[in-house]
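The block underneath contains the structure these notes are about, expressed in structure tokens.
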Amino acid sequence: MPVTFNLADALDTALKSAATSAGLEAAAFVPEVRTADARHGDFQANGVLGYAKARKLNPRAVAEKLVAALPAEVPAAYDVVIAGPGFINFTLKPSALFAWLRIHDSAAHLKASAATARQGQTWIVDYSSPNTAKQMHVGHLRSAVIGEAICRLLEFSGAKVIRDNHIGDWGTQFGKLIWAYQRHLDAAALASDPLEEFERLYKVGNAAAEADSAVLEQARQELVKLQAGDPANLAIWKRINDASLGAFQQIYDQLGITFDVTLGESFYNDQVGRIYRELGETGLAQESQGALVVFHPEHPRFKTQPFIMRKADGASNYATTDLATALYRTEHFHADGIVVVTDFRQADHFEQLFLTVRKWFAAKHYRLPELHHVTFGVITGEDGKALRTRDGGTIKLKELLTEAEARAFALVSERSADIPPDERQKIAAVVGVASIQYSDLSQNRSSDYVFAWDKIISLEGNTAAYLLYAGARIHSIFRKLGAAEAGVTAASPDPSGLAGAPETPTELALARKLVKFADAIRLATDTLRPHFLSLYLYELAGEFSAFYAADKVAVDDPAIRARRLLLCGRTLLILETGLNLLGLRTLTRM
RNA sequence: GCGAGCGUAGCACAAUGGAUAGUGUAGUGGCCUCCGAAGCCAUUGAUCUGGGUUCGAUUCCCAGCGCUCGCACCA
């Protein structure tokens with residue numbers, strides 16, 4: 001059968017075709033092909049069980065009819081076995097594994113094969129999105145890291161992705177901040193470290209507002225003035241934002257993030273009038289206790305819990321700007337999908353927002369994009385509580401990344417003292433940041449996760465270092481064997497064409513894992529859960545390590561050497577492609 | 001009070017309704033004259049409780065219990 005990138009898809013098609021020719025109710029038959037536990041094969045089709053049960057048929061008999069009707073290319077490529085109550089198991093033959101590996105020979109080829117699901121679509125990913133006037137802290141890490149991985153996965157599936165940093169540059173923090181700026185500014189501190197000074201001023205304003213309700217009211221008035229376009233307040237505001245964005249960019253550079261647009265809340269300030277008008281016209285919004293709100297009568301909670309889109313004092317809030325944002329992304333960017341990456345505490349807000357947007361767009365006949373709120377849990381310390389410094393302060397992201405690099409440098413120095421210090425420093429920069437990213441991406445984003453340096457910068461287990469190490473070993477093989485044999489490189493591991501199908505148990509296990517790359521990225525992308533890809537890469541690195549320990553590559557027999565080099569080359573290709581999809585940088589030595 | 005998320009070995013985590021619930025770490029025992037031992041191989045140990053749906057439930061539903069979070073003008 002022709003070699004396809006996603007083998008499970010091809011099996012699904014073949015099974016549907018077999019269902020027709022075997023006389024099943026083909027329209028009602030869903031093959032349910034999925035990757036299988038290696039004990040049972042490479043893929044399994046479970047659909048016969050439910051189909052047979054619903055019709056009171058013997059599932060094994062149905063499976064036998066189906067298998068007999070499979071197109072000839074399936075038994076040519078797979079050993080097909082009916083097992084248990086009616087599972088159909090497919091185990092790739094070595095020749096089919098070899099055919100897949102030979103063809104999928106470059107990152108560009110992999111991407112071209114994968115880029116079908118969302119071809120021609122435009123997706124907006126809203127992530128990171130810190131508030132200005134504050135430094136980024138550890139709480140901002142997950143949105144940035146998970147969001148970037150999702151962007152890359154969506155791009156790999158064919159979408160045009162617009163990365164949007166929806167910064168909080170228009171919130172009520174500016175009321176307190178401007179209030180304090182006018183009264184307590186330290187000009188010298190502002191000149192030397194503006195962000196530190198803004199943070200100090202915010203704390204001063206916040207404390208004063210908490211202590212004195214008159215101050216709180218004054219701060220509110222400053223915010224209203226700002227939102228009305230008062231020139232003095234606007235000048236202060238702009239100064240704060242410019243300084244903040246410069247500081248953010250240093251973090252993004254370390255994380256490998258480049259935003260296409262930075263359209264914060266302020267960008268939508270002049271669009272709120274249309275929001276008030278349209279939600280009024282459509283009858284969605286109503287006055288309640290002086291505020292303009294939306295209720296959802298069909299919803300058990302939101303029939304009484306309001307979605308406040310204009311406060312009683314007349315100011316807009318983030319509901320207003322988020323509504324305007326959804327409209328802008330639809331009208332200006334023609335978004336097919338919108339993904340917002342924030343922590344789970346905002347789940348109510350986005351549920352209300354999306355409910356409102358759906359009704360509003362339907363009433364106005366606007367095209368409705370797919371709307372996804374991608375949530376994640378909090379990062380906790382080893383005590384299970386939100387991660388903080390010893391004295392209870394927030395951990396600044398800048399300091400976290402610096403410490404990660406320092407710890408990685410110590411580790412690299414301990415293990416690879418022969419590498420020159422300046423190169424070790426560069427390696428440590430990659431290992432440190434990758435370790436932080438990977439610790440976040442390697443587990444299901446829904447749960448909280450415990451931050452422990454020893455686990456993150458570890459040499460062992462499901463860590464960035466383990467994956468980078470596997471890659472570095474492969475590079476090392478090609479440095480040695482490539483030098484001895486003309487034309488052999490990781491990108492072209494078999495120039496002589498001597499490689500054949502995998503033979504040993506560890507060669508086969510590695511090859512069988514490699515061909516399931518397509519399933520891993522499909523699963524990670526469709527669920528917007530990068531940890532499925534992380535898990536796959538970890539298992540791939542594990543299969544490689546087992547292969548590497550069991551089967552020597554640098555053997556004299558040219559055919560054996562060639563087929564093992566092919567496996568090394570393809571492992572490196574898929575490992576590095578996958579790590580890059582997660583947003584990690586890779587290494588050739590470490 | 002109402003609602004949401006989470007609850008899996010000592011610890012940290014997986015499991016797209018499938019087969020004997022996987023991995024790391026810690027523990028134990030092996031493997032470097034041989035391509036990088038940051039590695040490999042072997043081994044001990046777990047689904048919060050009780051019902052239900054299903055041929056099949058860690059997964060879906062219901063009721064408890066525990067932790068975390070949200071619930072009128074912060075984002």
Side-chain angles (χ1 to χ4, degrees), chain A residues 32 34-37 39-40 44 46 49-50 52-53 59 83-87 89 129-131 168 170-173 265 288-293 300-302 304-313 315 317-319 321-322 342-349 351 375 377-378 380 382 384-386 411-412 414-416 431 442-444 446-450 452 454-455 458-463 465-466 468-470 472-481 506 519 522-524 526-527 529 531-532 534-535 538-539 542 545-555 561 564 568 589-590:
Chain A
E32 292 181 35
R34 51 163 290 171
T35 55
D37 185 301
R39 289 183 299 243
H40 303 119
Q44 62 184 73
N46 300 336
L49 287 140
K53 176 68 186 169
F87 301 112
N89 291 335
S129 307
N131 289 337
W170 205 240
T172 44
Q173 78 264 31
E265 290 162 356
S288 176
Q289 300 177 24
L292 188 66
V293 310
R301 242 168 332 125
F302 303 144
T304 52
Q305 182 179 320
F307 187 56
I308 298 170
M309 49 179 282
R310 189 178 64 213
K311 304 194 284 185
D313 64 7
N317 66 359
Y318 85 136
T321 50
D322 279 357
T342 81
D343 69 86
F344 71 98
R345 287 175 298 200
Q346 299 189 42
D348 272 6
H349 168 75
E351 196 180 345
T375 62
V378 298
T380 74
E382 293 180 71
K385 294 182 177 160
L411 196 65
V412 173
E414 178 192 326
R415 302 287 164 169
S416 303
V431 172
S442 62
Q443 62 188 277
N444 193 323
S446 295
S447 23
D448 295 348
Y449 91 83
V450 180
D454 290 344
K455 192 178 72 178
S458 168
L459 320 170
E460 290 133 13
N462 189 3
T463 62
Y466 179 82
L468 294 172
Y469 177 68
R473 288 211 291 192
I474 301 175
H475 278 290
S476 176
I477 291 169
F478 283 104
R479 273 195 297 272
K480 291 213 165 115
L481 299 194
T506 35
D519 300 281
R522 167 82 56 87
L523 187 57
D526 286 352
T527 58
R529 291 182 188 274
H531 80 283
F532 285 116
S534 302
L535 180 66
Y538 174 59
E539 289 172 352
S545 295
F547 156 78
Y548 182 86
D551 296 325
K552 189 172 169 60
V553 179
V555 293
R561 193 171 63 237
R564 290 182 182 166
C568 289
R589 289 179 82 192
M590 68 183 282

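Atom set for the values below is all heavy atoms of this structure, side chains included, hydrogens, waters and symmetry mates excluded. Residue numbering restarts at 1 for every chain, and letters A, B, ... go by the order of the sequence lines.
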[N] [atom2] sits how many Å from [X] [atom1], rounded?
X	N	atom1	atom2	result
I308(A)	A75(B)	CD1	P	10 Å
E32(A)	G56(B)	CD	C1'	12 Å
H349(A)	A75(B)	NE2	P	9 Å
E414(A)	A38(B)	CD	P	10 Å
Y538(A)	A38(B)	OH	C1'	13 Å
D37(A)	G22(B)	CG	P	8 Å
Y469(A)	G36(B)	OH	P	9 Å

_I'd like to know if R34(A) and D519(A) make a salt bridge, using a cut-off of under 4.0 Å between side-chain N and carboxylate O._
no
_Using OP1 and OP2 only, check whether a side-chain N or O of Y466(A) sits under 4.0 Å from C40(B)._
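Result: yes.
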*Taking OP1 and OP2 of C69(B), is either one under 4.0 Å from a side-chain nitrogen or oxygen of R345(A)?*
no
_Counting distance alone, no hydrogens or angles: does the base of A75(B) have a donor or acceptor under 3.5 Å from a partner atom on the side chain of Y318(A)?_
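Yes, the side chain and the base share a sub-3.5 Å donor-acceptor pair.
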*For the base of A72(B), is there a side-chain donor-acceptor partner from S288(A) under 3.5 Å away?*
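Indeed, a donor on one side and an acceptor on the other fall under 3.5 Å apart.
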Using the [atom1] atoms only, state how far [M] lies from [N], rounded to an integer number of Å.
N	M	atom1	answer
U20(B)	C13(B)	P	28 Å
A57(B)	U47(B)	C1'	11 Å
G50(B)	G18(B)	P	23 Å
C62(B)	G24(B)	P	36 Å

*Produce a footprint string for nucleotides 4-16 of chain B: one letter per nucleotide, 5' end first; B if the base is under 4.0 Å from any protein heavy atom, S if only the sugar-phosphate is, - if neither.*
-S------SSSSB
Students often get this wrong, so: under 4.0 angstrom with heavy atoms, is [X] touching a base, only sugar-phosphate, or nothing?
X	result
Q289(A)	base
Q173(A)	nothing
S416(A)	base
A52(A)	nothing
E351(A)	nothing
N46(A)	base

*Taking all atoms of both residues into account, what is the closest heavy-atom pair of R479(A) and A472(A), and its distance?*
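Distance-wise, the nearest heavy atoms are NH2-O, 4.3 Å.
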Is there a Watson-Crick or G-U wobble partner for [N] with both distances under 3.5 Å, and if so, which one is it?
N	answer
G70(B)	C2(B)
A38(B)	none
U49(B)	A63(B)

Can you tabulate the close N/O pairs, meaning under 3.5 Å, that link protein atoms to atoms of nucleotides 31-35 of chain B?
from, atom 1, to, atom 2, distance (Å)
C34(B), O2', K552(A), NZ, 2.8
C35(B), O3', K480(A), NZ, 3.1
C35(B), O2, V553(A), N, 3.3
C35(B), O2, A554(A), N, 2.9
C35(B), N3, V553(A), N, 2.8
C35(B), N4, Y548(A), O, 2.4
C35(B), N4, D551(A), O, 3.1

_Both S129(A) and A472(A) contact RNA chain B. Which one's nearest nucleotide lies toward the 5' end?_
A472(A)
